[in-house]
Amino acid sequence: MRPFLRKQFATARLETIIAAFILASYHALTMKLKLLLVLSLAVSAYAQTVATPKEVDAVYPAAHDLYVDMHQNPELSTHETQTASKLAARLRSLGYEVTEKIGGTGVVAILKNGAGPTVMLRTELDALPVEEKTGLPYASKVHAKDDGGRDVPVMHACGHDLHMAALAGTAAIMAHSKENWHGTLMLIGQPAEETVGGAKGMIDDGLFTRFPKPSVGVALHVGNNLPAGQVGITPGIYNTNSDSLRITIYGKGGHGSQPHTTIDPIVIAARTILALQTIASREVKPGEMVVVTVGYIRAGTKNNIIPDQAELGLTVRSYKADVRKQALAAIARITKAEAIAAGAPKEPLIEHPEGTDSVYNDPALAQRLRAPLEAALGKENVITTEPIAPSEDYSAFIQAGVPSLYFSLGGADPQKFAETKGVEGALPSNHSPYFAPDVDPALRAAIKAEVAVLRNLLNSSAQ
């Protein structure tokens with residue numbers, strides 16, 4: 001090739017390389033701009049779901065007042081008449097269409113805001129037969145008759161008072177910001193959660209036939225396993241199957257000084273209690289979760305009288321259906337065998353008054369709602385948590401076809417939580433007479449979290 005041609009070829013090749021480089025750089029810059037635009041739109045979408053400080057501050061005083069009122073005036077399961085009435089009145093004043101006495105004392109509040117999905121937010125109404133020992137200025141001093149006619153103290157020892165207050169605050173923000181969402185918001189005040197029958201009662205009373213069936217559901221639960229200000233998400237299995245058993249062991253009564261003339265049901269009960277603990281240690285495969293707890297034993301009236309019968313109250317917890325079936329079968333087998341071994345006059349009576357399935361969090365929904373929760377509370381305050389042992393009957397809504405996210409709300413004083421290094425059991429647990437969430441940060445976080453997930457689910461721009 002001649003020198004001048006060689007020079008022209010080299011120049012043309014260099015120009016081609018430069019042009020290609022410029023074009024590649026242009027495409028790379030365009031892609032970056034597009035990515036930044038997408039990220040910006042995503043951030044903007046999630047920002048729209050976040051309740052502003054002004055919104056939260058506007059509803060917080062009324063929500064806190066409701067919390068104090070509910071805490072001071074708790075009601076037992078299936079008897080939540082005043083509780084339901086107060087919540088219904090609050091929601092009705094915000095413009096919700098409210099229906100009461102669903103499944104007993106249940107409340108349903110509907111707010112329609114154009115076309116879109118129906119999203120359910122649920123709170124519980126009931127309290128527990130626990131004597132409060134928190135020392136709070138608004139501590140419960142309530143006593144009431146339980147279903148057995150006994151006089152018992154009553155306390156919101158499980159945080160349902162805070163759940164109701166959060167729902168009321170969230171309901172107010174949603175009612176006052178209808179420009180930020182569309183669809184139908186369905187708020188549920190459910191009775192009898194503590195006796196795991198209220199959800200089924202509402203469903204049986206037409207919850208999903210008399211009212212729109214939700215396309216998705218949301219609920220939360222406060223506890224001292226996280227510091228106030230944080231929430232926990234557990235994809236998949238959230239908690240346990242729960243079964244309550246009542247076992248009556250029959251014997252032959254007589255004088256305490258002549259046990260040889262009797263068949264002592266208390267001794268049979270004692271042997272049964274110890275033998276039942278071998279179900280977890282020797283029958284269920286190591287690594288599988290099962291709990292068999294005898295919560296009470298009732299027998300006898302006097303120290304020198306051997307009674308005719310003894311009654312045991314059990315709670316049984318498990319994650320898997322096959323383990324649940326195995327444990328219940330083992331309880332029946334062991335209980336009957338101990339009675340036979342003692343020569344009991346008849347087979348024990350095993351009753352199953354309560355039971356509920358585990359709550360299952362839809363994994364895709366859990367993944368979707370993580371981002372709006374992080375936007376509302378901060379990424380560091382939204383953590384992934386392990387399944388828990390306590391149970392609850394929200395599972396009935398899921399079994400009825402409502403995919404859901406049931407997440408954990410921190411209730412512990414952050415300083416005390418840090419001092420105890422989050423050691424399980426170091427702070428009062430739910431159902432303890434000393435349980436009380438750190439209200440101000442916990443209630444504010446609950447309202448922010450609920451508004452964020454509801455606006456996300458009721459806002460197509462956030463999908």
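Atoms considered below: every heavy atom in the structure, side chains included; atoms not considered: hydrogens, waters and symmetry mates.
- The distance from the NZ atom of K112 to the CG atom of L185 is 12.5 Å, given to the nearest 0.5 Å.
- Side-chain contact between L457 and P117 is absent, with no heavy atoms from C-beta onward closer than 4.5 Å.
- Counting non-hydrogen atoms of neighbouring residues, nucleotides and ligands closer than 6.0 angstrom, the CD atom of Q367 reaches no more than 12 such neighbours.
- With hydrogens and angles disregarded, a donor-acceptor distance shorter than 3.5 Å links the side chain of H176 to the backbone of A172.
- Taking both residues in full, the closest heavy atoms of M202 and I102 are given as CG-O, 3.5 Å, listed atom of the first, atom of the second, then distance.
- By the 4.5 Å heavy-atom criterion applied to side chains, F211 and T118 are not counted as neighbours.
- Under a 4.0 Å N-O distance rule, the pair R333/E283 qualifies as a salt bridge.
- A salt bridge links R324 with D357: at least one charged nitrogen is closer than 4.0 Å to a carboxylate oxygen.
- The only option from K325, Q326, E288 that meets the side-chain contact (heavy atoms from CB on, under 4.5 Å) definition with K320 turns out to be E288.
- Using a distance-only test at 3.5 Å, with no hydrogens or angles considered, no donor-acceptor pair links the side chain of H156 to the main chain of C158.
- Between the side chain of W181 and the main chain of M174, a donor-acceptor pair closer than 3.5 Å is present.
- Checking side-chain atoms of S432 against main-chain N and O of Y434 turns up a donor-acceptor pair under 3.5 Å.
- The number of heavy-atom neighbours closer than 6.0 Å to CD of E380, taken from other residues, nucleotides and ligands shown, is above 12.
- When side chains are defined from C-beta on, S391 does not count as touching V196, because their heavy atoms never get closer than 4.5 Å.
- The distance from the CD atom of E347 to the OG1 atom of T335 is 10.0 Å, given to the nearest 0.5 Å.
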Between E75 and L125, is a side chain to side chain contact (heavy atoms under 4.5 Å, CB included) present by the stated rule, with each step listed?
CA-CA 8 Å; E75 294 178 299; L125 304 176; over 6 Å; no
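- For N361 against Y238, the heavy-atom pair with the smallest separation is ND2-CB, 3.7 Å.
- The backbone N or O of P259 lies less than 3.5 Å from a partner atom in the side chain of T262, making a donor-acceptor pair.
- Across all their heavy atoms, D205 and K101 have their closest contact at OD2-O, 3.7 Å.
- More than 12 heavy atoms of other shown residues, nucleotides or ligands fall within 6.0 angstrom of atom CD in Q258.
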| query | Where do R90 and M164 land on the side chain to side chain contact (heavy atoms under 4.5 Å, CB included) test, with the steps shown first? | reply | CA-CA 11 Å; R90 182 69 60 96; M164 288 184 276; over 6 Å; no
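- Between D65 and K86 there is no salt bridge, since none of the side-chain N atoms of the basic residue sits less than 4.0 Å from a carboxylate O of the acidic one.
- Note that CD of E351 is 4.0 Å distant from CG of L349, once rounded to the nearest 0.5 Å.
- Shortest non-hydrogen contact noted between Y394 and V359 is CB-CG2, 4.2 Å.
- Proximity of the aromatic rings of F435 and H431 is defined here by a centroid distance below 6.0 angstrom, and this criterion is not met.
- Formation of a donor-acceptor pair under 3.5 Å by the D126 side chain with backbone atoms of E193 is found in this model.
- Scored by the side chain to side chain contact (heavy atoms under 4.5 Å, CB included) test, D362 finds A364, L365, P403 as partners (sequence neighbours excluded).
- How far CD1 of I350 is from CZ of R246: 12.5 Å, rounded to the nearest 0.5 Å.
- With a 6.0 Å radius and a threshold of 12 heavy atoms from other residues, nucleotides or ligands, R282 has its CZ atom at or below the threshold.
- Side-chain atoms of S404 come within 3.5 Å of backbone N or O of V402 as a donor-acceptor pair.
- In this structure, F407 and L369 have side chains that are not in contact, with every pair of non-hydrogen atoms separated by 4.5 Å or more.
- When all heavy atoms of P428 and N224 are compared, the pair lying nearest together is O-ND2, 2.7 Å.
- Annotation: E419, atom CD; neighbour count of heavy atoms from other residues, nucleotides and ligands within 6.0 Å is above 12.
- Nearest heavy atom pair, residue A157 against residue L128, reads CB-CD1, 3.9 Å.
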So I383 and L226, side chain to side chain contact (heavy atoms under 4.5 Å, CB included) or not? Walk me through it.
CA-CA 10 Å; I383 63 174; L226 292 174; 3.2 Å; yes
Start with the C-alpha distance between R317 and T293, add both sets of side-chain angles, then the distance that settles side-chain hydrogen bond (donor to acceptor under 3.5 Å, both in side chains), and finish with yes or no.
CA-CA 9 Å; R317 308 298 172 106; T293 293; over 6 Å; no
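- Atom CG of D243 sits about 4.5 Å away from atom CG of L328, to the nearest 0.5 Å.
- I263 places none of its side-chain heavy atoms less than 4.5 Å from the side chain of Y250.
- Listed for the N241 side chain is a donor-acceptor partner under 3.5 Å among the backbone atoms of Y319.
- Between atom CD1 of residue I273 and atom CD1 of residue I268 there is a gap of 12.0 Å, rounded to the nearest 0.5 Å.
- Of the listed residues (M186, Q190, K200), just one forms a side-chain contact (heavy atoms from CB on, under 4.5 Å) with L207, and that residue is M186.
- You'll find the side chain of V323 stays beyond 4.5 Å of the side chain of M289, heavy atoms only.
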Apply the test side chain to side chain contact (heavy atoms under 4.5 Å, CB included) to residues D147 and T195: give CA-CA distance (whole Å), side-chain angles for both, the deciding distance (0.1 Å), then the verdict. CA-CA 11 Å; D147 290 337; T195 54; over 6 Å; no
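- Looking only at side-chain heavy atoms (C-beta outward), Q309 and I249 stay at 4.5 Å or farther from each other.
- With hydrogens and angles disregarded, a donor-acceptor distance shorter than 3.5 Å links the side chain of N73 to the backbone of D69.
- Side chain to side chain, T385 and T234 meet the donor-acceptor criterion of an N or O pair below 3.5 Å.
- The shortest distance between side-chain heavy atoms of N225 and E424 does not fall below 4.5 Å.
- Proximity of a side-chain donor or acceptor of T105 to a complementary backbone N or O of P191 within less than 3.5 Å is not detected.
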